[in-house]
Amino acid sequence: AGDQRGEIAAQRATVDRLQAELEGERTTQTATIERLRAELAGEIDSQTARIARLEAQLDGELRTQQATIDRLQAELNNARTECRRYEQLYRDGAVSESERDSVCLRQATAIESVDEAVANRDRTASTLREEIAEARATLRQTESTLREQINEAVANRDRTVNTLDAQINEALANLDRIEEVRPVDVQVARASVDRAVATAERAQAELELSYIRAPVDGRILEIHSRGGEVAGEEGIAEIGTVDRMYAIAEVYETDIDRVRLGQEALITSDAFDEQLRGTVEQIGLKIGRQDVLDTDPAADADVRVVEVKVRLNSEGSQRVEGLTNLQVEVEILVGE
């Protein structure tokens with residue numbers, strides 16, 4: 001509530017503030033536009049790379065499957081020739097009927113193998129073509145969405161700049177009309193400050209909400225999304241409590257009755273030399289198919305197993321804290 005010179009100074013400060021706000025808004029909105037453009041370019045590159053990878057995978061799968069079909073077709077041709085030869089030998093009485101049937105059975109088996117390989121090739125090609133089409137559709141949708149956001153950000157920047165320009169011009173005009181300072185003017189100014197403080201507090205609260213905080217203590221195993229990226233289906237990051245490591249053992253359903261809680265277990269792997277120790281902590285409640293396949297081609301892929309959770313001791317957990325998802329061999333000591 002000073003004299004006229006104080007009011008004029010305050011009005012000039014208002015002009016300066018509006019001009020600073022104008023520059024700040026212009027800088028902020030321009031940064032937003034540049035971020036959206038970078039995000040658009042990144043999404044286009046990412047989706048384009050994914051489409052190229054899928055197309056290369058499709059080409060490779062087709063070549064591999066076709067090679068398999070050609071090989072099986074060659075085996076089928078040999079089996080047919082051999083079957084015809086044994087058929088003639090059978091008619092000539094040189095071989096028995098069982099010998100002929102045994103040889104001709106290879107022909108039927110070869111035909112089934114060729115048909116199965118052809119069906120597998122077509123099924124694989126269809127699946128990959130659907131993924132390619134889906135990736136292209138996603139690229140188009142993402143590009144359209146981000147371009148709309150860019151256009152909206154540009155319009156918002158222009159609108160904000162025009163508004164602040166008008167406010168600055170109005171404030172400059174008021175400098176020439178000020179004659180005295182009234183208490184009501186002070187009250188209006190204080191209300192404006194209060195609104196500004198409330199706006200700042202709201203902005204600070206929104207800033208706090210922009211931070212991503214982990215729900216548990218642990219170690220980040222893998223980062224899926226970084227600053228400026230859109231979080232995908234995999235989320236932002238994978239976090240694990242590696243101070244308590246577990247081994248998941250697949251126990252044959254015929255042996256599960258010998259497993260008990262608290263039994264000691266030994267864990268080995270080619271990834272480390274020593275033998276780790278653990279304790280059976282949880283036994284699964286349902287039977288499932290085996291997930292870890294044996295390298296033996298004659299192994300039964302349809303083996304029925306029960307998952308048993310083995311908790312490693314502190315030394316073992318510390319040894320393998322950086323080997324999440326490592327394949328290991330588990331020996332449960334069940335006693336006599």
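Quick note: residue numbers are just sequence positions, from 1.
For the pair K309 and I248, the minimum side-chain heavy-atom distance is below 4.5 Å. In this structure, the side chains of E315 and R319 stay at 4.5 Å or more apart for every pair of heavy atoms. Counting heavy atoms from C-beta on, the side chains of E229 and E39 never come closer than 4.5 Å. The side-chain heavy atoms of V161 and E25, taken from C-beta on, include no pair separated by under 4.5 Å.
A distance-only check finds no donor-acceptor pair linking the side chain of S192 to the backbone of V188 [under 3.5 Å]. Side-chain atoms of N169 come within 3.5 Å of backbone N or O of D165 as a donor-acceptor pair. Side chain of S126 to main chain of D122: no donor-acceptor pair is present (N/O by atom type, distance under 3.5 Å, no hydrogens or angles). Not one N or O on the side chain of S102 forms a donor-acceptor pair closer than 3.5 Å with the backbone of S98. Between the S144 side chain and the R140 main chain, no donor and acceptor come within less than 3.5 Å of each other. In this structure a side-chain-to-backbone donor-acceptor pair under 3.5 Å is present from S96 to E99.
Nearest heavy atom pair, residue S269 against residue Q327, reads OG-O, 3.4 Å. Minimum interatomic distance between A79 and A110 (heavy atoms only, all atoms of both residues): CB-CB, 4.5 Å. When all heavy atoms of A247 and I267 are compared, the closest pair comes out as CB-CG1, 4.2 Å.
For residues 224-280, no residue pair satisfies the disulfide bond (SG atoms under 2.5 Å apart) rule, not counting sequence neighbours. Residue pairs satisfying the disulfide bond (SG atoms under 2.5 Å apart) criterion with at least one member in residues 9-125, sequence neighbours excluded, are listed as follows: C83-C104. Sorted by first and then second residue, the disulfide bond (SG atoms under 2.5 Å apart) pairs with a member in residues 184-280 form an empty list; sequence neighbours excluded.
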| field | Full working for salt bridge (charged side-chain N to carboxylate O under 4.0 Å, His left out) between R63 and D59 | value | CA-CA 6 Å; R63 291 177 183 273; D59 182 67; 2.8 Å; yes
| task | Evaluate the side-chain contact (heavy atoms from CB on, under 4.5 Å) criterion for residues R277 and L266: first the C-alpha distance (whole Å), next the side-chain angles of each, then the deciding distance (0.1 Å), finally the verdict. | result | CA-CA 5 Å; R277 293 183 175 273; L266 304 177; 3.3 Å; yes
| request: Test side-chain contact (heavy atoms from CB on, under 4.5 Å) on E253 and V305 and set out the steps. | output: CA-CA 5 Å; E253 60 182 349; V305 297; over 6 Å; no
| task | Under the side-chain contact (heavy atoms from CB on, under 4.5 Å) rule, what do Q263 and V334 come out as? Steps first, then yes or no, please. | result | CA-CA 7 Å; Q263 289 176 334; V334 298; 3.8 Å; yes
| query | What's the verdict on salt bridge (charged side-chain N to carboxylate O under 4.0 Å, His left out) for R50 and E134, showing C-alpha distance, side-chain angles and the deciding distance? | reply | CA-CA 11 Å; R50 181 169 182 263; E134 181 181 352; 5.8 Å; no
| Candidate pair I256 and V308, rule side-chain contact (heavy atoms from CB on, under 4.5 Å), full reasoning | CA-CA 9 Å; I256 195 61; V308 174; 3.8 Å; yes
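More than 12 heavy atoms of other residues, nucleotides or ligands sit less than 6.0 Å from atom CD of E143. The 12-atom threshold is not exceeded at CZ of R190, counting heavy atoms of other residues, nucleotides or ligands nearer than 6.0 Å. A 6.0 Å sphere centred on CG of D270 holds no more than 12 heavy atoms belonging to other residues, nucleotides or ligands. Annotation: R71, atom CZ; neighbour count of heavy atoms from other residues, nucleotides and ligands within 6.0 Å is above 12. Other residues, nucleotides and ligands place no more than 12 heavy atoms under 6.0 Å from the CG atom of D217. Within a 6.0 Å sphere centred on CG of L285, heavy atoms belonging to other residues, nucleotides or ligands number 12 at most.
Expressed to the nearest 0.5 Å, how far CZ of R123 lies from CD of E116 amounts to 8.0 Å. Atom CZ of residue R157 and atom OG1 of residue T32 lie 10.5 Å apart, to the nearest 0.5 angstrom.
Under 3.5 Å, the side chains of N156 and R159 contain a donor-acceptor pair of N or O atoms. Neither side chain, R85 nor Q88, offers a donor N or O lying under 3.5 Å from an acceptor on the other.
Residues forming a side chain to side chain donor-acceptor pair (under 3.5 Å) with D70 (at least two apart in sequence, or on another chain): Q66.
Other cluster members for V154: I33, L36, L40, I44, I51, L54, L58, L62, L128, I132, L139, L146, I150, joined by side-chain heavy-atom distances under 4.5 Å among Ile, Leu, Val, Met, Phe, Trp and Tyr.
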Residues 235-246, side-chain donor-acceptor partners within the protein, below 3.5 Å, at least two apart:
residue : atom : partner : partner atom : Å
E238    : OE2  : H224    : NE2          : 3.2
Y246    : OH   : E281    : OE2          : 2.7

